Amino acid sequence: MSAISREDVAHLARLAHIEMSDAELDKMTGELGVIVDAIASVSEAAGADVPATSHPIPLANVFREDVVGETLTVEQVLQNAPDSEDSRFKVPAILDEE
Amino acid sequence: MTEIIKLSAVELAQKLRAGEVTSVQAVQAHLDRIAAVDGGERGVHAFLHVNAEEALAVAAEVDAIRAAGGAGAEALHPLAGVPIAIKDLIVTVGQPTTAGSKMLEGWMSPYDATVISKIRAAKLPMLGKTNLDEFAMGSSTEHSAYGPTRNPWDLDRIPGGSGGGSAAAVAAFEAPLALGTDTGGSIRQPGAVTGTVGVKPTYGGVSRYGAIAMASSLDQIGPVSRTVLDSAYLHELIGGHDPRDSTSLNEPVPSLVDAARQGLSGDLTGVRVGVIAELQGDGYEAGVQARFNESLEVLRAAGAEIVEVHCPNFKYALGAYYLIMPSEVSSNLAKFDGVRYGKRVIPADGPVTIERVMGATRAAGFGDEVKRRIILGTYALSAGYYDAYYGSAQKVRTLVQRDFDAAFEKADVLVSPTAPTVAFGLGSKTGDPLAMYLNDVATIPANLAGVPGISVPGGLSEGLPVGIQFLAPAREDARLYRVGAALESLLEKGWGGPLISQAPDLASAEKEGVA
């Protein structure tokens, strides 16, 4: 397993939508390298015949009746919004305007 | 009159029923205690928000119902009028919920968590919201964006985490009961280092609806208290099926209070207790190991059969946890993007697009540990690494479950130290994330397998509390309460009272600090 590079971290930060300064990228790269080294042995622990477990206590097909349940009012939904207009969330431009 | 704040929840409930104390008096006594020890430079800082007005109003309502007598008073829940503190990861109408993060500063939930609805229905006055590592990520409460909580046993040490606020509040007599959440040990490890009791129920045993999700396949809400019996009462109150949590077990809550009362007799004849060979020795402090060994002797003397069990795959549990948990974190925390609620930061320069707003918002709103875990999770889930990391970790999860299955064929409950060390100094591990992660080495396997666990006080090492952890098969939470209560009552006979009564007197320590 290759160690995690600074370029990897910069790419991951972009994917995760977290802006990072150069200093933060340096620090994060070092810390993640140590952590990834420490947990890398996990990849050799289990053979191909071991099934994966996603949930500790598996439940299947949890359904409810197809009826309207509790809902929030528009006021409740928007009470914490950073910005809103006409009963909608308001955000800055979605696309770059060149 | 015995000081109200020193009473256990069950003792206080008895006095409320007998009319010796009113709920308003009980709530006021705890609010006074919070005012005396929580604030200031050297305060415990267990609370992020104090909910005095509502708590007193609920208390007055309980007192009025009781005074009126009749069917209304009869119908009151056994814990009605007993105040409780809530970990600030659990959403509450009328009180802010921050998750210990700047991202949610000032956020007011438009709905209650299911456990909060149950607490309201049973009329437990809510004293306020307790401090935690940001989004419950940490083992020391030092990752809170609002400053660390201090350990009431030594104000220069950590109270554990992530639920250090709830544990410290209970240890400092600021509340008899609290709610916590446990993803890798966040209820049990703070219980251990503060000399209190904390329980992680079976996965699905308590609804998580309204607990801000960190890692959904691991998170579990549970009780925090000073006695095993108190936790049993609270667990029965908050447990049970909830259609709003699709991972909630559709089964009745087991009788936990009865199990705790049975345990208090101190008789464990015929109970097989499995000592997990892999969770002791190397890496565990000598003082922790000594208290652990003494507890085994106490259990043996009570009639328990002590057997050794091996869980060879537990050595991979920490690594698997630090792949699965961050993976789920990276997904669960994607919703904090500055669009619908929470912080929004506009970039200082350049074009203002939503993409750049998200990047700036998450850069400013999240602390270092949260960013580390999001990036680590994004890495573990990314193309080319998914099979090697996330996929392998899920297989390890299966191996850990098999270890538990084999161990529970030989033993009714398993036992280990809850944490490898006593409370360490504030700031001593914040620069070394990996060292911090190792605090949870003994508590993580239970979360991976979904089995329940309890931490009970096991004595002191160098004047600081040591926790003893019991684990039981899924759905067998009652066994924890029986064995936990038995160990508690037998150890207290030796100590001449609860361990917590040996904690330093904070009120006087505070005065000395000021002088």
Side-chain angles (χ1 to χ4, degrees), chain A residues 1 4 8-9 11-21 24 27-28 31-32 34-48 50-57 59 62-64 69-70 72-73 75-84 89 91-98, chain B residues 107-108 110-111 202-204 217 243 246-247 249 313 316 318-320 322-323 330 337-344 346 351-355 357-360 362-363 366 371-372 374-376 378-379 382 388-389 391-399 401 433-434 437 447-451 474:
Chain A
M1 211 55 58
I4 192 163
D8 290 336
V9 176
H11 175 63
L12 294 165
R14 271 195 303 277
L15 288 176
H17 291 302
I18 301 175
E19 247 178 50
M20 280 195 192
S21 66
E24 269 186 298
K27 185 159 173 278
M28 186 72 73
E31 288 167 347
L32 288 179
V34 173
I35 295 167
V36 169
D37 283 351
I39 59 186
S41 66
V42 168
S43 59
E44 285 114 45
V50 178
T53 296
S54 65
H55 257 68
I57 297 177
L59 298 173
V62 178
F63 294 130
R64 65 170 175 83
E70 284 175 65
L72 298 174
T73 63
E75 289 71 30
Q76 285 174 315
V77 170
L78 294 177
Q79 74 182 23
N80 290 293
D83 199 3
S84 66
F89 297 106
V91 294
I94 301 288
L95 301 170
D96 270 309
E97 292 191 35
E98 293 300 325
Chain B
W107 179 69
M108 297 292 286
Y111 69 102
T202 295
Y203 182 79
S217 77
S246 59
T247 58
L249 296 175
N313 293 294
Y316 302 116
L318 189 82
Y322 276 96
L323 289 165
S330 71
D337 57 6
V339 172
R340 290 160 301 160
Y341 53 88
K343 189 186 255 315
R344 175 183 289 182
I346 306 295
V352 179
T353 65
I354 187 62
E355 186 107 2
V357 168
M358 285 179 190
R362 289 161 68 79
F366 290 142
K371 290 178 187 173
R372 251 191 310 271
I374 290 174
I375 300 293
L376 183 58
T378 307
Y379 177 62
S382 57
Y389 286 145
S392 298
Q394 288 198 320
K395 289 181 175 183
V396 167
R397 204 165 179 173
T398 306
L399 297 177
Q401 286 190 336
L434 197 60
Y437 296 169
N447 299 82
L448 288 175
V451 304

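Everything numeric here is computed off the predicted structure, so don't read it as measured data. Every chain is numbered from 1 and lettered A, B, ... according to where its sequence line falls, protein lines coming before strand lines.
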Checklist entry - Can you say whether the rings of B/Y203 and A/H55 are parallel (under 30°), tilted (30 to 60°) or perpendicular (over 60°)? => result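 It falls in the perpendicular class, over 60°.
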
Next on the checklist: Before you tell me yes or no, could you show the steps for A/R64 and B/S246 under side-chain hydrogen bond (donor to acceptor under 3.5 Å, both in side chains), namely the whole-Å CA-CA distance, both residues' side-chain angles and the distance that decides it to 0.1 Å?
Outcome noted: CA-CA 10 Å; A/R64 65 170 175 83; B/S246 59; over 6 Å; no

Note, [X] side chain near [Y] side chain (heavy atom, < 4.5 Å):
| X | Y | value |
| --- | --- | --- |
| B/L318 | A/I39 | no |
| B/R344 | B/I346 | yes |
| B/R397 | B/S217 | yes |
| A/V91 | A/D83 | no |
| B/M358 | B/I354 | yes |

Checklist entry - Is there a donor-acceptor contact under 3.5 Å from the side chain of A/T53 to the main chain of A/P56? => result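 No; judged by distance alone, with no hydrogens or angles, the pair does not exist.
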
If you count heavy-atom pairs within less than 4.5 Å of chain A, which of [options] leads?
| options | value |
| --- | --- |
| B/V396, B/V352, B/N447 | B/V352 |
| B/G391, B/G359, B/A393, B/S382 | B/G359 |
| B/T378, B/L249, B/D337, B/N313 | B/T378 |
| B/G450, B/A320, B/G342, B/G319 | B/G319 |
| B/Y111, B/W107, B/F366 | B/W107 |
| B/Q394, B/M108, B/Q401 | B/Q394 |

Please flag which part of [X] lies under 4.5 Å from any non-hydrogen atom of chain B: side chain, backbone, both or neither.
| X | answer |
| --- | --- |
| A/I18 | both |
| A/L15 | side chain |
| A/V42 | both |

Of the listed residues ([options]), which shares the most heavy-atom pairs with chain B below a 4.5 Å separation?
| options | answer |
| --- | --- |
| A/R14, A/M20, A/M28 | A/M28 |
| A/A13, A/S54, A/A38, A/S84 | A/S54 |
| A/V50, A/V62, A/L32 | A/V50 |
| A/S21, A/A16, A/G47 | A/A16 |
| A/V9, A/I35, A/V34 | A/I35 |

Next on the checklist: Regarding A/E24 and B/K371, does a basic nitrogen lie under 4.0 Å from an acidic carboxylate oxygen?
Outcome noted: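 Judged by the 4.0 Å cut-off on N to carboxylate O distance, A/E24 and B/K371 do form a salt bridge.
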
Checklist entry - Is the shortest distance from a Lys or Arg side-chain nitrogen in A/E19 or B/R362 to a carboxylate oxygen in the other one below 4.0 Å? => result no

Quick check on [X] against chain A: is it the side chain, the backbone, both or neither that has a heavy atom closer than 4.5 Å?
| X | value |
| --- | --- |
| B/I375 | both |
| B/S330 | neither |
| B/T202 | side chain |
| B/A449 | backbone |
| B/P433 | side chain |
| B/V339 | both |

Next on the checklist: Quick one, A/V36 with B/L376, criterion side-chain contact (heavy atoms from CB on, under 4.5 Å). Give me CA distance, side-chain angles, the key distance, then yes/no.
Outcome noted: CA-CA 8 Å; A/V36 169; B/L376 183 58; 3.9 Å; yes

Checklist entry - In this structure, are over 12 heavy atoms from other groups packed under 6.0 Å from A/Q79 atom CD? => result yes

